[in-house]
Amino acid sequence: MSECIFCKIVAGELPGKKVYEDEELLAFHDIHPVAPVHLLIIPKRHIVSLVECQANDEGMLGRMLLLAPRLAREHGLDNGFRTTINTGRGGGQLVFHLHLHVFGGGTLPTHL
Ligand code: AMP
Ligand code: ZN
């Protein structure tokens, strides 16, 4: 059994407040939101980080990015939002299953 918490959410072994699902991607609310709306978009397939992505992940990465404005709109982020991918410990990554943060709705710091 996978020890990865995001794989467990994909498998339904851990609860997640899901907001979107298709064959390839899953999106859910971050458990510790840094803004009024804070979503995570992940591939269902376990990929550690952006470093492990290959040329054949191009389509999946594009679909992750294109899902962001759709979910932002659906969650009322009409004034804009921020997308972040933390990569590796040096990049502040804490969960080693690729994820795209989508957050907004409050006053965000100028840089993050
Ligand atoms: P990162 O630093 O980019 O790896 O961020 C990992 C994110 O996952 C953090 O914002 C956490 O709050 C979030 N997180 C950790 N565990 C869970 C969980 N069980 N459900 C939803 N979000 C989670
Ligand atoms: Zn995983």
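Ligands are counted one by one from 1 in listed order, and the atoms in each one are counted from 1 as well.
Here His99 and His97 keep their ring centres 6.0 angstrom or further from each other.
In Leu40, the part holding a heavy atom less than 4.0 Å from any atom of ligand 1 is the side chain. Neither the backbone nor the side chain of Phe103 has a heavy atom within less than 4.0 Å of ligand 1. The proximity of Phe28 to ligand 1, defined as any non-hydrogen pair under 4.0 Å, is limited to the side chain.
The ligand atoms of ligand 1 that sit less than 4.0 angstrom from a heavy atom of His99 are 1 (P), 3 (O), 4 (O), 5 (O), 6 (C). Atoms of ligand 1 found under 4.0 Å from any heavy atom of His29, numbered from 1 in the order shown, are 21 (C). Heavy-atom proximity to Asn86, at under 4.0 Å, picks out these atoms of ligand 1: 1 (P), 2 (O), 3 (O). Under a 4.0 Å criterion applied to the non-hydrogen atoms of His101, ligand 1 contributes the atoms 1 (P), 3 (O), 5 (O), 7 (C), 10 (O).
Gly92 O, 2.8 Å is the protein heavy atom nearest to atom 2 (O) of ligand 1. The nearest protein atom to atom 16 (N) of ligand 1, hydrogens excluded, is given as Ile5 CD1, 3.3 Å; this is a heavy-atom distance. The nearest heavy-atom contact from the protein to atom 7 (C) of ligand 1 is Asp30 OD2, 3.5 Å. Closest to atom 8 (O) of ligand 1, if we only count protein heavy atoms, is Phe6 CZ, 3.6 Å. Among protein heavy atoms, atom 4 (O) of ligand 1 sits closest to Leu94 N, 2.6 Å. Scanning all protein heavy atoms for the shortest distance to atom 22 (N) of ligand 1 gives Ile31 N, 3.1 Å.
In this model, a donor atom of one side chain and an acceptor atom of the other lie less than 3.5 Å apart for His38 and His101.
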Show the atom names and distances, to 0.1 Å, of all donor-acceptor pairs under 3.5 Å that link a side chain in residues 58-68 to residues at least two apart or in another chain.
{"from": "Arg63", "atom 1": "NE", "to": "Glu24", "atom 2": "OE1", "distance (Å)": "2.6"}
{"from": "Arg63", "atom 1": "NH2", "to": "Glu24", "atom 2": "OE2", "distance (Å)": "3.0"}

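If you count the protein N, O or S atoms nearer to the Zn ion (ligand 2) than 2.8 Å, you get 4.
Residue contacts with ligand 1: Ile9 is included, with a non-hydrogen atom under 4.0 Å away.
When each of Asp57, Thr87, Leu98, Ile47 is tested with Glu52 by the rule side-chain contact (heavy atoms from CB on, under 4.5 Å), just one qualifies, namely Ile47.
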